[in-house]
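To start, the structure under review is shown below, and the notes come after it.
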Amino acid sequence: MEWLNEHVLWWHWIVLGIILVAVEIVVPSFVIIWLGVAALVVGALDYMMHPDFSVQLYLWTGLSVLFLFAWFGYFRRTWRSPVGQAEGEHAHIPGRIVESLGGRRYRAEFELPVLGDRRWIVESRESLQVGDAVEVAKVYGQILKVRKRSR
């Protein structure tokens, strides 16, 4: 360990950090970059304070884990994929009932295309009449759930 204390210098950590950040460009994993950033921080701390090599390793390990948890905590909290979740995008699109199909199923025509079409088979919890104004509540596969639109 004495040999490492004398031969591993602050710029070794900087070079390691730059290499790890550069590897992240080639291998996009969003993990290696944080190991590289931690190495850059340890290099800067080693330049200013000259801790033992074992302390440097603990710092690098701790900072790497801290940066990874911070990144994945932020990533999990803010990023949501909209793929397959169309009801949020199409909610509240207005339309009219044009035909009653029986059993609370109707054919409706919407002012804007919903998933590429203006005419849809829709279902409603409430009883509707031809000509009633409706709006999209949810998208369930090939059937839209609608509710009576309040004017």
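The analysis underlying the following values was restricted to heavy atoms, covering all of them including side chains, and did not include hydrogens, waters or symmetry mates.
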Could you go step by step and tell me if Val8 and Trp13 meet the side chain to side chain contact (heavy atoms under 4.5 Å, CB included) rule? CA-CA 8 Å; Val8 175; Trp13 285 106; 4.1 Å; yes
Does Leu35 offer a backbone N or O that forms a donor-acceptor pair with the side chain of Trp60 under 3.5 Å? yes
Could you walk me through whether Val122 and Phe110 satisfy the side chain to side chain contact (heavy atoms under 4.5 Å, CB included) test, starting with their C-alpha distance in whole Å, then the side-chain angles of each, then the deciding distance to 0.1 Å, before giving a yes or no? CA-CA 11 Å; Val122 299; Phe110 294 94; 4.0 Å; yes
Say whether Ile33 and Val23 are linked into one hydrophobic cluster, either directly or through other cluster members, by side-chain heavy-atom distances under 4.5 angstrom. yes
Hey, is Lys145 close enough to Glu123 for a salt bridge, meaning N to O under 4.0 Å? yes
With hydrophobic residues grouped by side-chain heavy-atom distances under 4.5 Å, do Val136 and Val98 end up in a single group? no
Is there a path from Val146 to Leu112 through hydrophobic residues (I, L, V, M, F, W, Y) whose side chains come within less than 4.5 Å of each other? yes
Sort out for me which residue in Lys138, Arg125, Glu135 forms a side chain to side chain contact (heavy atoms under 4.5 Å, CB included) with Arg147. Glu135
Name of the residue among Leu115, Val139, Ile143 meeting side chain to side chain contact (heavy atoms under 4.5 Å, CB included) with Trp120: Leu115
Just do the side chain to side chain contact (heavy atoms under 4.5 Å, CB included) check on Lys148 and Leu128 with the steps written out, would you? CA-CA 8 Å; Lys148 202 169 197 173; Leu128 300 172; 4.1 Å; yes
By the side chain to side chain donor-acceptor pair (under 3.5 Å) test, which pairs, at least two apart or in different chains, include something from residues 106-116? Glu99-Arg107, Glu109-Arg119
Any ring pair (Phe, Tyr, Trp, His ring centres under 6.0 Å) pairs touching residues 33-57, not counting sequence neighbours? Trp10-Tyr47, Trp34-Trp71
Report whether Val41 and Phe69 are members of the same hydrophobic cluster (ILVMFWY, side-chain heavy atoms less than 4.5 Å apart, transitive linking). no
Pairwise distance CG(Leu45) to CG(Leu63) - rounded to 0.5 angstrom: 7.5 Å
Reported CG-to-CG distance for the pair Asp52 and Leu59, which is rounded to 0.5 angstrom: 11.0 Å
Shared hydrophobic cluster, Val37 / Phe30 (ILVMFWY, side-chain heavy atoms < 4.5 Å): yes
Supply the atom-to-atom distance Ile32 CD1 to Leu68 CG, rounded to the nearest 0.5 angstrom. 10.5 Å
Heavy-atom count check: over 12 atoms from other residues, nucleotides or ligands less than 6.0 Å from Gln142 CD? no
Validation: residues 14-22 side-chain donor-acceptor distances under 3.5 Å, sequence neighbours left out:
none

